[in-house]
Number of protein chains: 2
Amino acid sequence: MPTSRRTTLKDLARELGVSTATVSNAFNRPDQLSPKLREHILSEARRLGYRGPDAKARSLRTGRSRIIAVVLAESLTYSLNDAVASELLSGVAEVLDAHGHTLLLLSGRQHEAQVNGSSSIADGFIVYGLMPSLMLLEELPLPGQRPLVAVDFDLEGQPTVHVDDEPACYAIARHALKTPPRRPAVINLRLTKHPCNARIASDQELLPADRTITRARLAGFHQAFAEHAIDPASVPMWNIEENTHEVCAPVVAEILDLPDEERPDLLLCMSDRIALTVVTLAEQRGLRIPEDLRVTGFDGIAEGQYRAPRLTTVRQDSVEKGRIAARMVLGLEPAEPRLLRTELLIGDSCP
Amino acid sequence: MPTSRRTTLKDLARELGVSTATVSNAFNRPDQLSPKLREHILSEARRLGYRGPDAKARSLRTGRSRIIAVVLAESLTYSLNDAVASELLSGVAEVLDAHGHTLLLLSGRQHEAQVNGSSSIADGFIVYGLMPSLMLLEELPLPGQRPLVAVDFDLEGQPTVHVDDEPACYAIARHALKTPPRRPAVINLRLTKHPCNARIASDQELLPADRTITRARLAGFHQAFAEHAIDPASVPMWNIEENTHEVCAPVVAEILDLPDEERPDLLLCMSDRIALTVVTLAEQRGLRIPEDLRVTGFDGIAEGQYRAPRLTTVRQDSVEKGRIAARMVLGLEPAEPRLLRTELLIGDSCP
DNA sequence: GCTGCTAACTAAATCGTTAAAGATAACCAC
DNA sequence: GTGGTTATCTTTAACGATTTAGTTAGCAGC
């Protein structure tokens, strides 16, 4: 007996004196053979250490792998540590799991050859927050071949899952402006042409088409500003390239360390992560929230609601977003554009 | 021209009037054909919408998929939201990424057929914190076939990556006991035979072999207890089945709501997540930390260090654990047992 | 002009399955 | 006894690549 080679379906068939088709049927179509023979085949398989049809061969033959790829805009390392991306993945995983599929993680930051190489194995794609400028989509399968669902960005001709960023940001800004701030400011996420963690001029430096979410959110803010006769150009804006405490901290410190008469007393942040960093650094400096400084976030991550002051924020259900995207890609629900509702969460950071 | 079918290497070869081998070589072995022809093939491929060799067929033929599977003990939904598991995945992803591999996520909680079905596609496995009792390993490929690295648990005959749980817990307990507590207690993670979020008798209910980490940690605590003549049996122990705020909160509330003379004044927690829940709920009840209650954690997650009181904890480098496991499974470093050092982090929750 | 060598390409086998179509025997109704 | 079903299993042809072992042509050396 040849030692090292893996037992195959053919080996098993030969050993049992039946055809390979019958063994295959024993595993895949119980109704195609007698229960007795099936039982016999299965027990012999176990005895000979055959663990069932090989996924590589099966997927080649059937064209299906039961693998769904999630393509993430950022590096996997980053995405896995980001609460929102993790929640999205959770939702995706939950649905895939329940339907016998597994999850392949790809990053838009990977070398295109790799993405392309492994991507042809997936039955479908969920693409998350990709910057169109990445051009990665050229590497992905042609539309119509295998399902693709875009999350948090627009991709022509493809179904998308979004939240109502603009009205949500209008609502939270309107709430915040009820108490008129003397010096409102915005802390932004990823909107610039060139990586930049610093103050930016309100209008320049913006990307023209990318990052549609951020632009929609800004539009919401501006609408509320207009109602209070605040000139958007007069509202300073800082930018942060990566949604991590480490990257946020220096920028936030710069803001909080401004002289009293320049320091903003209302910070509209594009994410809870940023807002939490503001809270932490403000505490360290003895600034009281909300008395000295009011802060709003976006996302509604759990961490923002555990401890005082609870964040005032917009809660989006990222888990549900993931679930919907997964169901669409599996064909369990119609693949049409979906806009999820958000919820204004009024916490203590901006009552 | 037949419309819908995907262009294959064979189509391309026919179109170009060359053999399939040559086209294959154009993609895989540039040195096997003239640069001129290669260029021609590549440009025609682009023109005809051929995106390179199909991963399914390639992996069947070569036996390699450039996919590494990470098998997680818990559900994916849980694991993706757990800071420690996420960090591990980060580390794994970082290395795989750098070496042109991708990450397939499997859960030990999935139906075995699924795990087995998709698992045969992976080139190697990283198994994280699996309970041996799950017996999942029977479903995984035989040792010696494809590399397998166990993280945070022992698996006979397989390389493992661990941290020094026992000495670490000895060290943190010894530190905590320097200020003699009147009523020390332990909050445990997953050690019971039957799911249980409640107080447990110190000795019964323990799993005999599973969860070797937790047992090692307890051993470390007990060693420190012994030095202070504390009878381990006199130290109450609560148990928590899942490392989430939601599951922790009721148990922690139960502890903190004990009458003053019964409430522990030192809580040794098996994870930072638990410790953070203690901090949050203690704050809500007006209990001062560390004056009224001292708390220690384990893991050293970032969230525990952002805000006051910073947790006293054992920092383990889960990212590095992931990196090492990934390098082992890729054969970039010898697949031998590794024991990583931890670091005692003295914060404000137990100075 | 013959031999040997290299560069550039091709033919054919193979990877481990599944699916469509075929074969065989048993059973049944009339 | 004939024709029609069924149930059960087999034959055979893919699926889309890679790889081994050629084949051919061109050229150098003697």
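A note on names: the letters A, B, ... follow the listed sequences, proteins ahead of strands, and every chain is numbered from 1.
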Can you pull every protein N or O that's under 3.5 Å from an N or O on nucleotides 5-8 of chain C?
none

Side chains of [X] and [Y], heavy atoms from C-beta outward: is any pair under 4.5 Å?
{"X": "A:Leu148", "Y": "A:Val127", "answer": "yes"}
{"X": "B:Asp97", "Y": "A:Ser75", "answer": "no"}
{"X": "A:Asp152", "Y": "A:Leu88", "answer": "no"}
{"X": "A:Val92", "Y": "A:Ile68", "answer": "no"}
{"X": "B:Ile324", "Y": "B:Leu340", "answer": "yes"}

[atom2] on [Y] to [atom1] on [X], rounded to 0.5 Å:
{"X": "B:Ile121", "Y": "B:Lys56", "atom1": "CD1", "atom2": "NZ", "value": "8.5 Å"}
{"X": "A:Ile126", "Y": "A:Leu330", "atom1": "CD1", "atom2": "CG", "value": "7.5 Å"}
{"X": "B:Leu104", "Y": "B:Leu96", "atom1": "CG", "atom2": "CG", "value": "11.0 Å"}
{"X": "A:Gln32", "Y": "A:Arg38", "atom1": "CD", "atom2": "CZ", "value": "12.0 Å"}
{"X": "B:Arg58", "Y": "B:Arg66", "atom1": "CZ", "atom2": "CZ", "value": "8.5 Å"}

Difference in axis direction between the ends of the helix from C:dG1-D:dC30 to C:dC30-D:dG1, five pairs, 10°: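 Angle reported: 40°, given to the nearest ten degrees.
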
Phosphate OP1/OP2 of C:dT10: any B:Ser19 side-chain N/O under 4.0 Å: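 For B:Ser19, the contact criterion (side-chain N or O under 4.0 Å from OP1 or OP2 of C:dT10) is met.
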
Short side-chain N/O contact to C:dT10 OP1/OP2 from B:Thr22, under 4.0 Å: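 B:Thr22 to C:dT10 OP1/OP2: side-chain N or O found under 4.0 Å.
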
Would you kindly give the [atom1]-to-[atom2] distance between [X] and [N], to the nearest whole Å?
{"X": "A:Ile121", "N": "D:dG16", "atom1": "CD1", "atom2": "P", "value": "14 Å"}
{"X": "A:Tyr50", "N": "C:dG16", "atom1": "OH", "atom2": "C1'", "value": "8 Å"}
{"X": "A:Lys10", "N": "D:dT10", "atom1": "NZ", "atom2": "P", "value": "15 Å"}
{"X": "A:Arg14", "N": "C:dG16", "atom1": "CZ", "atom2": "C1'", "value": "13 Å"}
{"X": "A:Asp11", "N": "C:dG16", "atom1": "CG", "atom2": "P", "value": "8 Å"}
{"X": "A:Lys56", "N": "C:dT14", "atom1": "NZ", "atom2": "C1'", "value": "15 Å"}
{"X": "B:Leu16", "N": "C:dC9", "atom1": "CG", "atom2": "P", "value": "12 Å"}
{"X": "A:Leu60", "N": "C:dC15", "atom1": "CG", "atom2": "C1'", "value": "9 Å"}

Using atom types as modelled and distance alone, determine if a side-chain donor or acceptor of [X] lies under 3.5 Å from a backbone N or O of [Y].
{"X": "A:Ser318", "Y": "A:Lys321", "answer": "no"}
{"X": "B:Ser59", "Y": "B:Ala55", "answer": "yes"}
{"X": "B:Asn28", "Y": "B:Ser24", "answer": "yes"}

Lys/Arg N to Asp/Glu carboxylate O, A:Arg327 vs A:Glu94, below 4.0 Å: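 A:Glu94 and A:Arg327: not salt-bridged.
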
Ionic contact status for A:Glu44 with A:Arg47, cut-off 4.0 Å: yes

Short heteroatom pairs, N/O only, protein and nucleotides 18-22 of chain C, under 3.5 Å:
unit_1: C:dT18; atom_1: OP1; unit_2: A:Asn28; atom_2: ND2; d: 2.7
unit_1: C:dT18; atom_1: OP2; unit_2: A:Ser24; atom_2: OG; d: 2.3
unit_1: C:dT18; atom_1: OP2; unit_2: A:Asn28; atom_2: ND2; d: 3.2
unit_1: C:dT18; atom_1: O2; unit_2: A:Arg61; atom_2: NH1; d: 2.2
unit_1: C:dA19; atom_1: OP2; unit_2: A:Arg29; atom_2: NH2; d: 3.2
unit_1: C:dA19; atom_1: O4'; unit_2: A:Arg61; atom_2: NH2; d: 3.3

Letter per nucleotide, 5' to 3', of nucleotides 22-28 of chain D [B base touched, S only sugar-phosphate touched, - untouched; heavy atoms, 4.0 Å]: -------

ring-ring contact (aromatic ring centres under 6.0 Å, His included) contacts in which one or both residues fall within residues 23-48 of chain A, not counting sequence neighbours: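 Applying ring-ring contact (aromatic ring centres under 6.0 Å, His included) to every pair that reaches into residues 23-48 of chain A, excluding sequence neighbours, yields A:Phe27-A:Tyr50.
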
For nucleotides 23-27 of chain C, list the nitrogen or oxygen atoms of the protein found under 3.5 Å from its nitrogen or oxygen atoms, one pair per line.
none

